[in-house]
There are 2 protein chains.
Amino acid sequence: MTSTDRGHDAIPDPARPPLRPTKQRLAVLDVLESFDDFRSAQEIHELLGDRGAGVGLATVYRTLQLLADHGEVDTMRSEDGESIYRRCSDTHHHHLVCRSCGATVEVEGPAVERWTSAIAAEHGFSQISHNLEIFGTCPRCA
Amino acid sequence: MTSTDRGHDAIPDPARPPLRPTKQRLAVLDVLESFDDFRSAQEIHELLGDRGAGVGLATVYRTLQLLADHGEVDTMRSEDGESIYRRCSDTHHHHLVCRSCGATVEVEGPAVERWTSAIAAEHGFSQISHNLEIFGTCPRCA
DNA sequence: CCGACTTTGACAACCATTCTCAATTAGGGT
DNA sequence: ACCCTAATTGAGAATGGTTGTCAAAGTCGG
C-alpha cells in the first residue's frame, strides 16, 4: 500500500495505536524537514548520525513505516527497488521526480482520478487505488 | 527503467547485442505464455523446473531483464518490492491489477498520456516517462 | 513511585538479486 | 564438417536492503 493510495479510506480512524512522541520519532520527523526530495531509510539513518542524534537503523525503518501508515510521509520505490520517503501534504497527489537530482514536485489531477475510476469501473473492478509517478529531467539539470 | 517507459526512445536501434535464441531463453519465453498475470523471477524459475526444463536461477534473472530491455515483457514491482514479469503487447499501456488474484488487464488512455506531458512541461521537465498502476478487486474476487 | 506496556538498539536472520568464473555452446568463416 | 572466438550458462558465493529477536531502557496512568 503506497501513500498515493488515498481515496477509498473513508474509515475515520480504526483505533490506531497511541503513537508516542519519543525522542527518536521526533528526530526522524525533524530530519524529514531538512530536505524536500525522496530519501532512503539508510540515508535518513545516516543524516541522523551526522547531526548527533544517533537513532538505530531498525528504529528508523520502523518509524518510517509507522509514519507512512499514518499518512505523514509519502513512500515510493526508486528505480532500483529501494523504499524512499518524503514528508508530504495530506491531500491525495502524485509526484513529478527529477531523474538526475531527485527534485520532487507534488502534482494533482482530477482528470487522472476520474480516468482511473472510470477504467476500473468499466472492467468491474472495485476498491480502487493507484500509483502514478512521473520521471523526467528538471529544468536545472537539463 | 520500467516497461511503461517508452515514448522518448526515438533512437532506431543503438547496436544491440545479437540476442541468441538459446534453449534457455526459448524456455523462458515459453513459460511466459502459460499465464497472463505477473509472476516473479523465482516463480518462473520454479515453473521451469516443474516442466523439466531446468534453467539456472541466475539465467532466469538475466533473461527476464534482457526481455524487458527489448520490450518483450512488462516489469513492475509487487507491493512488497519484488520485480514481477509478464508478456505484453508492444504498445504503450498501463495495468489494472487484481489485488487478490493478480488478474491483469492492459489499459490504454491517451488522456493520461496527455495529462502527464502537460504537467511535466508546465514544470519545465523534459524526457518524461511515467509509471501508472491501478490496483483493485476484480469482479470474480469481489 | 510502581507496574504494565512500548519502544529501542545491536545484531542476527532473511531473501531477492547480482556477481564470479570456469565450463559449455552457438555462429561465422574456411 | 571443423575451428576459433565470443556469448551464454550454472552453481555457488557475495551483496545489500529490510525485518526479526530479545533483553534493556523509557513512558504513562494510577
Side-chain angles (χ1 to χ4, degrees), chain A residues 1-3 15-31 38-70 72-86 102, chain B residues 1-3 13-31 38-70 72-86 102:
Chain A
M1 193 71 63
T2 31
S3 61
R16 286 199 175 135
L19 185 48
R20 296 190 198 157
T22 64
K23 189 174 12 175
Q24 292 85 341
R25 285 173 188 171
L26 294 173
V28 170
L29 279 169
D30 200 48
V31 211
F38 283 88
R39 301 295 177 92
S40 71
Q42 313 249 6
E43 282 177 304
I44 291 168
H45 171 249
E46 203 168 319
L47 287 174
L48 282 164
D50 292 349
R51 84 165 49 183
V55 177
L57 181 56
T59 302
V60 173
Y61 274 101
R62 283 185 292 235
T63 302
L64 288 171
Q65 286 179 182
L66 201 63
L67 292 174
D69 287 349
H70 286 249
E72 296 298 316
V73 302
D74 274 341
T75 303
M76 66 178 267
R77 301 250 175 201
S78 63
E79 305 209 357
D80 58 333
E82 271 188 322
S83 288
I84 49 183
Y85 307 85
R86 173 182 194 268
Chain B
M1 195 70 64
T2 32
S3 61
D13 237 6
R16 286 203 175 130
L19 186 48
R20 296 190 198 158
T22 64
K23 192 174 12 180
Q24 291 85 341
R25 286 173 187 169
L26 294 173
V28 170
L29 279 169
D30 200 49
V31 211
F38 284 88
R39 302 295 178 90
S40 71
Q42 313 247 8
E43 283 177 303
I44 291 169
H45 171 248
E46 203 168 320
L47 287 173
L48 282 164
D50 293 350
R51 84 163 49 182
V55 177
L57 181 56
T59 301
V60 173
Y61 274 101
R62 283 185 292 234
T63 302
L64 288 172
Q65 285 180 182
L66 202 63
L67 292 174
D69 287 349
H70 285 249
E72 296 299 315
V73 302
D74 274 340
T75 303
M76 66 180 267
R77 300 251 176 203
S78 64
E79 305 208 359
D80 56 332
E82 271 188 323
S83 288
I84 48 182
Y85 307 84
R86 175 184 194 267

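Naming convention: chains lettered A, B, ... in sequence-line order (proteins, then strands); numbering from 1 in each chain.
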(request) Could you state the atom-to-atom distance from CZ of Arg25(B) to C1' of dT9(D) in whole Å? (result) 9 Å
(request) Tell me, please, which residues at least two apart from Glu46(B) pass side-chain hydrogen bond (donor to acceptor under 3.5 Å, both in side chains). (result) none
(message) If you compare all heavy atoms of Thr75(A) against all heavy atoms of Ala68(A), which two are closest, and at what distance to 0.1 Å?
(response) OG1-CB, 3.6 Å
(request) Whole angstrom is fine here: how far is it from CG in Leu64(A) over to C1' in dT7(C)? (result) 15 Å
Set out, line by line, the N/O atom pairs under 3.5 Å between protein and nucleotides 11-16 of chain C.
residue : atom : partner  : partner atom : Å
dA16(C) : O5'  : Gln42(B) : NE2          : 3.4

(request) Using whole Å, report how far CD1 of Ile44(A) lies from P of dT18(D). (result) 11 Å
(request) Identify, with sequence neighbours excluded, every residue that meets salt bridge (charged side-chain N to carboxylate O under 4.0 Å, His left out) alongside Arg77(B). (result) none
Would you list the atom pairs, donor with acceptor, under 3.5 Å between side chains in residues 23-30 of chain A and any protein atom, with sequence neighbours excluded?
residue  : atom : partner  : partner atom : Å
Arg25(A) : NH1  : Arg20(A) : O            : 3.1
Asp30(A) : OD2  : Arg51(A) : NH1          : 2.7

(request) Starting from C1' on dT17(C), measure out to CZ on Arg77(B) and report it in whole angstrom. (result) 9 Å
(message) My understanding is that only residues two or more places apart in sequence, or in another chain, count here; which of them pass salt bridge (charged side-chain N to carboxylate O under 4.0 Å, His left out) with Arg62(B)?
(response) none
(request) Identify the two heavy atoms, one from His45(A) and one from Gly56(A), that lie closest to each other, and give their separation to 0.1 Å. (result) CD2-C, 4.0 Å
(message) Can you see if the side chain of Gln65(A) gets near the phosphate of dT19(D) - specifically, an N or O under 4.0 Å from OP1 or OP2?
(response) yes
(message) If I take atom CD in residue Glu43(B) and atom C1' in nucleotide dT17(C), what distance separates them, rounded to the nearest angstrom?
(response) 16 Å
(message) Could you tell me how far apart Asp80(A) (CG) and dC19(C) (C1') are, to the nearest whole angstrom?
(response) 16 Å
(request) Rounded to the nearest 0.5 Å, what's the gap from CD on Glu43(A) to OH on Tyr85(A)? Could you check? (result) 12.0 Å
(message) Do Arg39(A) and Leu47(A) have side chains that approach each other closer than 4.5 Å (heavy atoms only, starting at C-beta)?
(response) yes
(request) Among Thr63(A), Leu57(A), Val55(A), Leu64(A), find the residue that satisfies the side-chain contact (heavy atoms from CB on, under 4.5 Å) test when tested with Ile44(A). (result) Leu64(A)
Between protein and nucleic acid, restricted to nucleotides 22-30 of chain D and to nitrogen or oxygen atoms under 3.5 Å apart, what atom pairs and distances do you find?
residue : atom : partner  : partner atom : Å
dT27(D) : O4'  : Arg20(A) : NH1          : 3.3

(request) Write down the distance between CG (Leu66(A)) and C1' (dT6(C)), rounded to a whole number of angstrom. (result) 12 Å
